[in-house]
Every structure is written in structure tokens, then in C-alpha cells.
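Letters A, B, ... are given to chains in the order of the sequence lines, protein chains preceding strands, and every chain is numbered from 1.
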There are 2 protein chains.
Amino acid sequence: MSMVSERKGNRRAQQKLDKRERIRQAAWELFTTVGYEETTTKQVAAAADVATGTLFLYARDKRDLLCLVMHDRLGGVVDARFQTVPRQAPLLDQLMHLFRGLFEMYGEHPALSAAFIRHYPGADGPNGQQLNALTSKFLYLISQLVLDQQARGEVGADVEPLLAAANIFSLYFGALASWMTGFMSLEDALDPGLRRALALQIRGFRP
Amino acid sequence: MSMVSERKGNRRAQQKLDKRERIRQAAWELFTTVGYEETTTKQVAAAADVATGTLFLYARDKRDLLCLVMHDRLGGVVDARFQTVPRQAPLLDQLMHLFRGLFEMYGEHPALSAAFIRHYPGADGPNGQQLNALTSKFLYLISQLVLDQQARGEVGADVEPLLAAANIFSLYFGALASWMTGFMSLEDALDPGLRRALALQIRGFRP
DNA sequence: ACGCCACCATGACCATGGTCATAATTGACT
DNA sequence: AGTCAATTATGACCATGGTCATGGTGGCGT
């Protein structure tokens with residue numbers, strides 16, 4: 001075992017990852033150019049060079065395929081933004097830094113993002129679970145930001161960081177929803193919209 | 001014209017309403033007993049005694065049919081609860097009175113409610129629009145509650161009632177979402193869950 | 001090298017959501 | 001009553017998401 005195949009003894013697993021990646025790539029390409037609803041699962045399968053049925057070994061259904069596609073993007077943006085958070089700034093600015101990153105990402109592919117947001121609540125396939133895990137991580141990271149502010153005395157000691165994070169996330173999703181109903185542009189949903197919502201919530205964090 | 005047909009000269013419109021009602025009834029019956037995903041549109045059409053295609057004259061698609069079915073229920077609960085709001089109680093109790101009514105309604109048919117909540121964001125069919133209108137009304141009524149509290153000095157004058165209402169609604173939806181992920185029961189999503197979330201937001205309303 | 005088995009891939013197949021050309025009603029106007 | 005335009009109903013039909021029995025492929029023990 002194992003002198004020659006430097007990366008790994010297991011070829012099976014490698015092929016599986018390759019296929020997974022091909023599928024993700026193909027789905028992303030088609031979803032962004034053709035549109036989510038307009039793309040058929042068979043098109044994705046063909047573009048990824050796998051059979052129809054194979055697709056559903058990697059995603060429970062089309063919705064789950066969308067989760068698979070979005071998970072990476074979201075994960076990347078979340079990581080990038082948390083690493084560049086202005087640690088000394090007020091909480092509102094820190095949060096806006098986070099959410100601006102996400103909104104910019106959505107703005108690059110508004111139609112796909114809208115489809116994603118519609119299908120996000122209650123995602124239950126395997127990739128949906130991954131997304132929920134990412135959300136939990138996101139909530140945790142936000143709660144850490146709150147914790148920092150607590151240490152600095154900017155946030156009351158009786159505010160539970162995770163609860164605060166959950167509220168913030170709800171407002172974030174609400175802002176996205178208000179965009180989806182067509183009442184405001186994505187930019188406005190972020191800047192007058194979410195900013196004011198967050199500000200009103202943060203008032204409640206004061207000692 | 002019009003001595004005999006007391007209600008109205010227009011027979012066409014009447015038949016249309018009848019059909020609409022039959023469809024709603026049939027869909028409700030099937031959705032609650034068989035389940036939303038498990039019910040086929042043809043079953044609904046048959047039960048309503050209309051042809052397949054006719055169904056889609058009254059609802060753009062299956063999702064819109066779900067909106068049609070839920071609109072009435074929600075409207076009824078919203079009206080009933082606003083009429084029995086404890087006007088002298090603190091805002092938190094008033095809101096909990098409202099949301100308890102909604103959660104109880106969801107609790108009567110959890111599976112259907114879950115399907116509804118999944119499909120609520122971005123509802124765009126004709127009945128989805130109706131639902132959005134109902135949501136606007138709901139937001140407005142909540143903002144009136146906030147306004148009352150402002151008059152009593154319980155809420156700061158610089159809090160914009162509609163913004164406050166929107167935040168409250170976001171937290172409400174967030175509570176429902178947290179139920180859907182299976183992390184908590186519906187009761188817990190209401191009482192420890194939503195209650196605490198609202199309390200934290202209301203802190204921000206203080207003068 | 002060989003053969004065996006667990007796991008993965010395949011694509012013909014199926015059920016269902018949704019469409020659309022055609023047919024039937026309705027009410028208004030003679 | 002008779003004609004006509006407009007609106008609404010119909011159900012055969014289609015495209016697509018998703019399944020499943022069958023066929024292949026890598027890993028592993030010998």
C-alpha cells in the first residue's frame with residue numbers, strides 16, 4: 001500500500017469527489033447562464049458528463065443541487081468577510097461589512113440568488129444540511145462579535161450572544177425577503193433596509 | 001333586470017366564486033388529510049369537480065393553490081387575534097397574543113404549515129399576491145400597536161412604527177424557520193424562542 | 001493474478017405538474 | 001328567438017423531475 005499513489009490509496013473516493021466537482025461546476029454554469037428553473041436536471045447531468053440518475057446520488061433533488069452549488073460560494077464569502085471584519089468598529093459597521101459581502105455576491109447573480117433564497121427555508125437534503133451547518137457556523141461567528149462588544153462594554157452583559165446572533169440573522173433574511181417581493185432593489189434592501197433594521201435591534205443591546 | 005336574481009344580475013361571476021370555493025375546499029381537505037406533496041393536482045381537480053386545466057385558472061401553480069388555501073385561515077386568525085389584543089398589556093404580551101394564535105393554527109396541521117412556510121417566501125402567483133397584501137395589513141396593524149405604545153411613552157418617539165413592525169415580523173418568521181429545521185418543537189419555537197427574540201428587540205424600543 | 005463483493009453508475013421508465021387548441025356558456029344587442 | 005363576441009371550461013398532451021432494476025468497477029483477500 002501507498003508508495004506510488006501519493007495522494008491516496010483510495011481511487012474510488014477520488015473519482016467521487018471529481019464527479020461531485022464536475023456536477024457543481026456544470027450546475028453553476030447552467031444556473032447562472034440559463035437560469036435555475038429553466039435548466040433541466042438532464043442538462044446538468046449531460047454537462048457534467050454523468051447519467052441522469054447519477055446526479056441524484058449527489059443531490060437528493062434539484063433543490064438540493066442548488067444548495068450544493070450555493071454552499072461553496074456562501075462559505076467563501078463568509079470566511080473572507082469574517083477575516084476582514086473591522087475589529088475596532090462599532091457592531092453595526094462590523095455587521096454591515098459582513099452582509100455587504102453577501103449582498104454583493106447575491107448581486108452578481110440576482111435571479112439565481114432569488115431562486116436560492118426561495119428554496120432556502122427548510123432545506124432538508126444532504127446539501128441542505130451542509131447549508132444549515134454553515135448557518136450555524138455563521139451564527140456562532142456573529143455571536144463572537146457580540147461577545148467582543150460585551151467585553152468592551154458596548155453590549156449589555158445580560159444579552160445572550162447567540163440569541164442576539166439569531167435575531168440579527170432573522171433581520172438579514174427579512175431584508176432579503178423584502179427584496180424578493182420586488183418592493184426594493186438589492187442595494188436598498190441592504191443599505192437603507194437592513195442597516196436600519198439592525199440599528200433598531202442593536203439599540204436593544206445597550207447596557 | 002334584477003327582481004328575481006336577488007343577489008346579483010351576474011351569473012358568470014357567481015359561478016366563478018362557487019368554483020373557487022369548491023377548489024379551496026377540496027384542496028384543504030386533501031392537503032390536510034393526505035399531505036401537500038402527496039396530493040396531486042388532478043386529485044384536487046377531481047374532488048372539486050372541475051377539469052385539470054380549470055384548476056390553473058384559479059391558481060397559477062400548485063404553490064399558488066397552497067396560498068389560496070392558506071390565505072383564508074391566516075386572515076381569519078389575524079382578524080380574530082387583533083380584535084382580542086389586550087390593549088393595556090405591555091407590547092410583548094400583545095405580540096405574544098397575536099403570534100400564539102398563529103402558532104396554534106399552525107399546530108393544528110403541522111405538516112401542511114411546514115409546506116406553506118417553505119413556499120411562502122417569494123410567492124408570486126395571484127394568490128401569493130393576496131398573501132403579500134395580507135402581510136402588509138399585518139405589518140400595518142402591528143405598527144399601530146407600536147404607535148399606541150409610543151403615545152403611552154413606553155416606546156421611544158424616534159422608533160419608526162413600520163420599521164419596528166417589520167423587525168417583529170422577521171423575528172416571527174425566524175422562529176418558524178427554527179422550528180422547520182427540526183431543532184425545536186412548535187411550542188418551544190413560540191415560547192422560549194420567539195418570546196425571547198421579541199423581548200430582545202423590544203429592549204431597543206425603549207425611550 | 002484471480003475472483004469476489006460492495007458500492008457506484010446507468011438510462012429506460014414513470015408519475016405529475018402544467019399547457020393549449022378546441023369546445024361550451026353566457027349575456028348583450030337586435 | 002337568433003346571432004355574436006367574449007369569457008371560461010375541458011382534457012388530451014407534453015416536458016421534466018425523480019426512480020430503480022440492471023450492469024459495471026474498484027478494492028481486497030487469497
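Taken residue by residue, residues 57-64 of chain B places heavy atoms nearer than 4.0 Å to DNA chain D at B:Leu57, B:Tyr58. Listed by residue number, B:Lys42, B:Val50 are the residues of residues 28-50 of chain B with a heavy-atom contact under 4.0 Å to DNA chain D.
Paired with A:Gln201 under the rule side-chain contact (heavy atoms from CB on, under 4.5 Å), one option of A:Leu95, A:Asn167, A:Leu92, A:Leu91 passes, and it is A:Asn167.
Using modelled atom types, one finds no donor on one side chain facing an acceptor on the other under 3.5 Å when comparing B:Tyr140 with B:Thr135.
The separation between A:Asp18 atom CG and C:dA9 atom C1' is 15 Å, rounded to whole Å. Whole-Å rounding puts the A:Leu65 CG to D:dT16 P distance at 16 Å. The interatomic distance linking A:Arg20 (CZ) with C:dC8 (P) rounds to 12 Å, in whole Å. One atom, CG of B:Leu17, and another, C1' of D:dT8, lie 14 Å apart when rounded to the nearest Å. Atom CG in B:Leu55 sits roughly 16 Å away from atom P in D:dT8 (whole-Å rounding). Here D:dG17 presents its P atom at 7 Å from CZ of A:Phe56, a figure rounded to the nearest Å.
The aromatic rings of B:Tyr172 and B:Phe99 lie parallel to each other, with less than 30° between the two planes, well short of the 60° mark. The aromatic rings of A:Trp28 and A:His109 sit perpendicular, their planes meeting at an angle over 60°, well past the 30° parallel limit.
When the nucleotides D:dG18, D:dT10, C:dA6 are ranked by their closest atom to the side chain of A:Arg12, C:dA6 comes out on top. Among C:dT19, C:dA12, C:dA9, the nucleotide with an atom closest to any side-chain atom of A:Lys19 is C:dA9. Nearest to the side chain of B:Thr54, among D:dG11, D:dG17, D:dA9, sits D:dA9. The side chain of A:Thr52 has C:dA12 as its nearest neighbour among D:dG11, C:dT19, C:dA12.
Annotation: A:His119 is in aromatic contact with A:Tyr36 [ring centroid separation under 6.0 Å].
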task = Please report the C-alpha distance between A:Arg60 and A:Asn127 in whole Å, then the side-chain angles of each, then the deciding distance to 0.1 Å, and finally whether the side-chain contact (heavy atoms from CB on, under 4.5 Å) criterion is met.
result = CA-CA 8 Å; A:Arg60 171 192 295 248; A:Asn127 296 296; over 6 Å; no
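Salt-bridge annotation for A:Asp188 and A:Arg195: absent, with no side-chain N of the basic residue lying under 4.0 Å from a carboxylate O of the acidic one. By the 4.0 Å N-to-carboxylate-O rule, A:Glu21 lies too far from A:Lys16 to be salt-bridged with it.
Smallest separation of non-hydrogen atoms from A:Phe205 and A:Ile168: CE1-CD1, 4.1 Å.
In terms of phosphate contacts, B:Gln15 brings a side-chain nitrogen or oxygen within less than 4.0 Å of OP1 or OP2 of C:dT26. Distances shown here put a side-chain N or O of A:Asn10 below 4.0 Å from the OP1 or OP2 atom of D:dG27.
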